[in-house]
A.B. asks: 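I have a structure I would like to understand better, so I am pasting it below and will then ask my questions one at a time.
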Amino acid sequence: MSKGLPETRTDTAMSELVPEPRPKPAVPMKPVSINSNLLGYVGIDTIIEQMRKKTMKTGFDFNIMVVGQSGLGKSTLVNTLFKSQVSRKASSWNREEKIPKTVEIKAIGHVIEEGGVKMKLTVIDTPGFGDQINNENCWEPIEKYINEQYEKFLKEEVNIARKKRIPDTRVHCCLYFISPTGHSLRPLDLEFMKHLSKVVNIIPVIAKADTMTLEEKSEFKQRVRKELEVNGIEFYPQKEFDEDLEDKTENDKIRQESMPFAVVGSDKEYQVNGKRVLGRKTPWGIIEVENLNHCEFALLRDFVIRTHLQDLKEVTHNIHYETYRAKRLNDNGGLPPGEGLLGTVLPPVPATPCPTAE
Amino acid sequence: MDKEYVGFAALPNQLHRKSVKKGFDFTLMVAGESGLGKSTLINSLFLTNLYEDRQVPEASARLSQTLTIERRGVEIEERGVKVKLTLVDTPGFGDSVDCSDCWLPVVKFIEEQFEQYLRDESGLNRKNIQDSRVHCCLYFISPFGRGLRPLDVAFLRAVHEKVNIIPVIGKADALLPQETQALKQKIRDQLKEEEIHIYQFPECDSDEDEDFKRQDAEMKESIPFAVVGSCEVVRDGGNRPVRGRRYSWGTVEVENPHHCDFLNLRRMLVQTHLQDLKEVTHDLLYEGYRARCLQSLARPGARDRASRSKLSRQSATEIPLPMMPLADTEKLIREKDEELRRMQEMLEKMQAQMQQSQAQGEQSDAL
């Protein structure tokens with residue numbers, strides 16, 4: 001069993017021939033423990049080490065999208081998350097850029113490396129979202145972009161001569177920035193999340209949380225959680241995809257207590273108690289970004305990067321992408337997207353062991 | 001011959017006493033998108049809890065909400081001076097997904113107050129004209145944006161010739177000092193670029209002392225005011241009780257000039273420029289409205305009369321009421337009817353009372 005490496009994709013896809021609305025991943029995420037009587041050391045456990053070596057060699061892709069009104073600290077937060085200048089933002093706060101008239105999609109890729117592991121990180125920014133007087137349907141360009149990535153991947157998949165490793169430009173995670181009004185969600189927030197939570201993993205974050213006191217923060221979070229629930233918006237980690245009890249308890253705790261994460265971002269360091277910390281120096285004190293008493297940035301970082309990075313990719317691939325794929329195949333009458341693809345109509349059952357078609 | 005003391009130097013005192021007796025009307029409008037700390041700031045400014053019964057609707061309820069105008073009145077008294085403060089609120093502003101033209105109800109409201117005043121002024125009984133005109137509009141700008149947003153510009157453009165605008169940056173404790181400076185500069189540049197006229201604090205008199213002049217200049221430099229509001233008393237670092245907001249990393253003091261411009265705003269708005277705001281509303285903004293109104297209705301010959309500011313008051317009596325647009329004449333008729341009805345009611349009540357007292361009188365006679 002492997003975790004999302006390209007070579008093993010075939011196993012999961014094989015069982016997804018019946019287009020269900022929200023198929024569950026066929027391969028269990030955790031190994032089932034059976035008591036086996038091994039007579040000696042076989043060496044099965046070295047598979048972990050083999051996988052690790054492979055990952056280090058191939059590296060992996062991660063695509064994160066940030067959505068929210070301008071000025072909510074999206075770029076700063078992403079830079080803080082990955083501890084490098086990976087977003088569009090220039091160094092100074094006072095950007096001279098004008099607010100674009102329509103929502104633009106800007107993707108910037110960087111390769112960052114840590115402990116021998118290479119990650120091709122793409123940050124997709126959406127300037128112009130929610131900034132106009134009339135923001136009707138301003139989520140449409142975003143939905144279009146996400147679906148275009150699924151389409152790109154689908155086209156590669158149904159190719160007869162496929163690339164060994166299909167470049168993955170699909171959006172694995174969408175950080176949605178909520179303005180810290182202290183009241184409740186804005187109508188635009190609801191509309192966006194309603195439309196997009198079925199297409200991509202949405203992680204709502206409360207931006208610039210240093211404007212709220214502890215009580216205000218917890219009240220606001222409660223209200224936001226309730227509003228999301230009442231409106232049927234399932235943010236990541238979605239309840240229906242919890243694999244087993246362990247997952248469920250861990251995710252329940254995150255869903256019901258921590259999320260949405262109230263974050264503060266900064267790319268400046270200050271000296272506090274002899275340590276260099278990332279923070280914001282106000283006249284009334286220094287806000288430490290990684291101090292859990294000050295904000296929940298560390299929780300967000302651990303969640304997105306240290307514990308659920310792989311899961312984000314898998315849910316994107318096994319759930320969102322499969323939903324898109326099933327819909328496309330259905331629309332095309334069971335055939336893979338033919339005409340425009342190769343110029344010829346593909347036979348229903350290709351001779352090669354390609355498991356994608358019926 | 002020696003100059004004799006006439007005594008009119010006591011005039012200012014007489015005026016003062018009269019105005020103290022008469023009391024003071026002030027209408028303040030507060031506008032800006034929700035969640036910028038408007039209500040908290042108003043409560044902090046006037047040290048009252050004007051928003052006790054307020055309920056903030058949820059996002060799903062606000063999806064189809066249109067802008068409403070709410071008025072709250074409160075009487076504040078301080079050292080014998082009574083102020084009747086009317087607060088005009090604009091809940092729902094900037095909330096919807098589509099905010100096109102959401103400022104129109106606000107413009108309409110401001111103009112309606114002018115219209116009302118114009119009518120009262122041109123009326124026969126001018127003894128107790130209620131001044132419900134909006135004297136000042138505190139416009140809240142988000143500290144999270146990069147200056148004025150398109151909606152801010154649209155709103156300000158729509159109202160700047162009709163009301164005194166004082167721009168304010170709400171929830172300013174979200175910003176570091178350098179960020180505040182940059183934002184203020186950006187806003188000032190944008191206001192100039194978009195040719196939006198905000199309220200200009202008048203120049204100090206030349207005979208004021210240097211200290212006052214310096215203070216005044218500093219205050220003018222800090223526009224738009226970056227404010228933080230709070231009605232809670234918390235303990236600061238040195239364990240002193242202050243009005244502020246307590247965070248895990250420190251306490252923001254509302255009345256500390258290094259933390260925010262609250263004191264400046266309060267000083268300029270309440271302590272020194274309340275009267276000037278009223279005067280500018282009357283002499284400039286209202287006259288502008290009046291001139292436009294008369295110009296659009298009167299014959300070309302009357303134009304000269306309409307454009308002269310003070311003298312035109314006399315000419316108002318020469319132009320009969322039908323100068324109002326037809327719809328308003330209707331409204332006027334209805335209002336007069338309503339007044340007549342009320343007076344009739346009062347008359348009936350008085351008659352009833354008289355009859356009663358007469359009956360009682362007869363009874364007591366009989367006894």
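In what follows, chains carry the letters A, B, and so on, assigned in the order in which the sequence lines appear, proteins first and then strands, with residues in each chain numbered from 1.
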A.B. asks: Which distance, rounded to the nearest 0.5 Å, do you find between the CG of Leu176(B) and the NZ of Lys268(A)?
C.D. replies: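 Answer rounded to 0.5 Å: 8.0 Å.
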A.B. asks: How many angstroms lie between atom CD1 of Ile133(A) and atom CG of Leu151(B), to the nearest 0.5 angstrom?
C.D. replies: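 The CG atom of Leu151(B) is 5.5 Å from CD1 of Ile133(A), to the nearest 0.5 Å.
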A.B. asks: Taking every non-hydrogen pair under 4.5 Å, which of Pro150(B), Ala172(B), Gly250(B) racks up the most with chain A?
C.D. replies: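 Top option by heavy-atom pairs under 4.5 Å: Pro150(B).
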A.B. asks: Check the surroundings of atom CD in Glu232(B): do more than 12 heavy atoms from other residues, nucleotides or ligands lie under 6.0 Å from it?
C.D. replies: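 Not buried by this count: 12 neighbours or fewer within 6.0 Å.
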A.B. asks: With a 4.5 angstrom heavy-atom cut-off, is it the side chain or the backbone of His259(B) that approaches chain A, or both, or neither?
C.D. replies: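 Backbone plus side chain of His259(B), per the 4.5 Å heavy-atom cut-off to chain A.
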A.B. asks: Can you tell me how far apart CZ (Arg280(A)) and CG (Leu175(B)) are? Round to the nearest 0.5 Å.
C.D. replies: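 Going from CZ on Arg280(A) over to CG on Leu175(B), the span is 7.0 Å.
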A.B. asks: Relative to chain A, which segment of Thr251(B) carries a heavy atom at a distance below 4.5 Å: side chain, backbone, both, or neither?
C.D. replies: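 Backbone of Thr251(B) only, per the 4.5 Å heavy-atom cut-off to chain A.
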A.B. asks: Between atom CH2 of Trp284(A) and atom CG of Asn256(B), what is the distance when rounded to the nearest 0.5 Å?
C.D. replies: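 Answer rounded to 0.5 Å: 9.5 Å.
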A.B. asks: Give, for atom CD of Gln132(A) and atom OG of Ser100(B), the distance between the pair rounded to the nearest 0.5 Å.
C.D. replies: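 Answer for the CD-OG pair, Gln132(A) versus Ser100(B), is 10.5 Å.
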A.B. asks: Can you establish whether the number of heavy atoms outside Glu195(B) located under 6.0 Å from its atom CD is more than 12?
C.D. replies: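 Result for CD/Glu195(B): open.
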A.B. asks: For Glu33(B), is it the side chain, the backbone, both or neither that has a heavy atom under 4.5 Å from a heavy atom of chain A?
C.D. replies: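 The side chain, not the backbone.
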A.B. asks: If we ignore hydrogens and angles and just use 3.5 Å, is the side chain of Lys171(B) paired with the main-chain N or O of Thr181(A) as donor and acceptor?
C.D. replies: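 Confirmed, Lys171(B) side chain pairs with Thr181(A) backbone.
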A.B. asks: Assess the residue pair Trp249(B) and Asn291(A) against the criterion (side chain to side chain contact (heavy atoms under 4.5 Å, CB included)); give the C-alpha distance rounded to whole Å, side-chain angles, the decisive distance to 0.1 Å, and a yes or no.
C.D. replies: CA-CA 10 Å; Trp249(B) 47 87; Asn291(A) 182 337; over 6 Å; no
A.B. asks: Below 4.5 Å from any heavy atom of chain B, which atoms of Gln69(A) appear? Answer side chain, backbone, both or neither.
C.D. replies: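 Looking at Gln69(A), just its side chain touches chain B.
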A.B. asks: Give, as side chain, backbone, both or neither, the part of Ile286(A) having an atom under 4.5 angstrom from any heavy atom of chain B.
C.D. replies: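 For Ile286(A), the contact with chain B is made by the backbone alone.
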A.B. asks: Would you say Lys220(B) has more than 12 foreign heavy atoms packed within less than 6.0 Å of its NZ?
C.D. replies: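 More than 12 heavy atoms, drawn from other residues, nucleotides or ligands, come within 6.0 Å of this atom.
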A.B. asks: Grab the two heavy atoms, one from Asn293(A) and one from Ser248(B), that are nearest each other, plus how far apart they are.
C.D. replies: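 Shortest heavy-atom contact: O-OG, 2.9 Å.
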A.B. asks: Minimum heavy-atom separation for Gly71(A) to Arg146(B), with atom names?
C.D. replies: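 So the two residues come closest at N-NH2, 3.6 Å.
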A.B. asks: Write down the atom of Thr211(A), the atom of Tyr247(B), and the distance for their closest heavy-atom approach.
C.D. replies: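 In terms of heavy atoms, the two residues are closest at O-OH, 3.2 Å.
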A.B. asks: Glu288(A), Lys217(A), Glu216(A): which one forms the most heavy-atom pairs within less than 4.5 Å of chain B?
C.D. replies: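 Top count of heavy-atom pairs under 4.5 Å with chain B: Glu216(A).
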A.B. asks: Looking at Glu136(A), Glu215(A), Lys281(A), His294(A), which one has more heavy-atom pairs under 4.5 Å with chain B than the rest?
C.D. replies: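 Looking at each of Glu136(A), Glu215(A), Lys281(A), His294(A) in turn, His294(A) comes out on top.
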A.B. asks: Nearest 0.5 Å, what's the CG-SG distance between Leu188(A) and Cys99(B)?
C.D. replies: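 Answer for the CG-SG pair, Leu188(A) versus Cys99(B), is 9.5 Å.
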A.B. asks: Is the number of heavy atoms from other residues, nucleotides or ligands within 6.0 Å of CZ (Arg240(B)) greater than 12?
C.D. replies: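 Not more than 12 within 6.0 Å, no.
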A.B. asks: Out of Pro180(A), Cys295(A), Gly182(A), which one racks up the most heavy-atom pairs below 4.5 Å with chain B?
C.D. replies: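 Heavy-atom pair counts peak at Pro180(A).
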A.B. asks: Quick check on Glu148(A): does its CD atom have over 12 non-hydrogen neighbours (other residues, nucleotides or ligands) under 6.0 Å away?
C.D. replies: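 Yes, enclosed.
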A.B. asks: Under 4.5 Å between any side-chain heavy atoms of Arg246(B) and Thr213(A), yes or no?
C.D. replies: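 Contact flag for Arg246(B)/Thr213(A) side chains = no.
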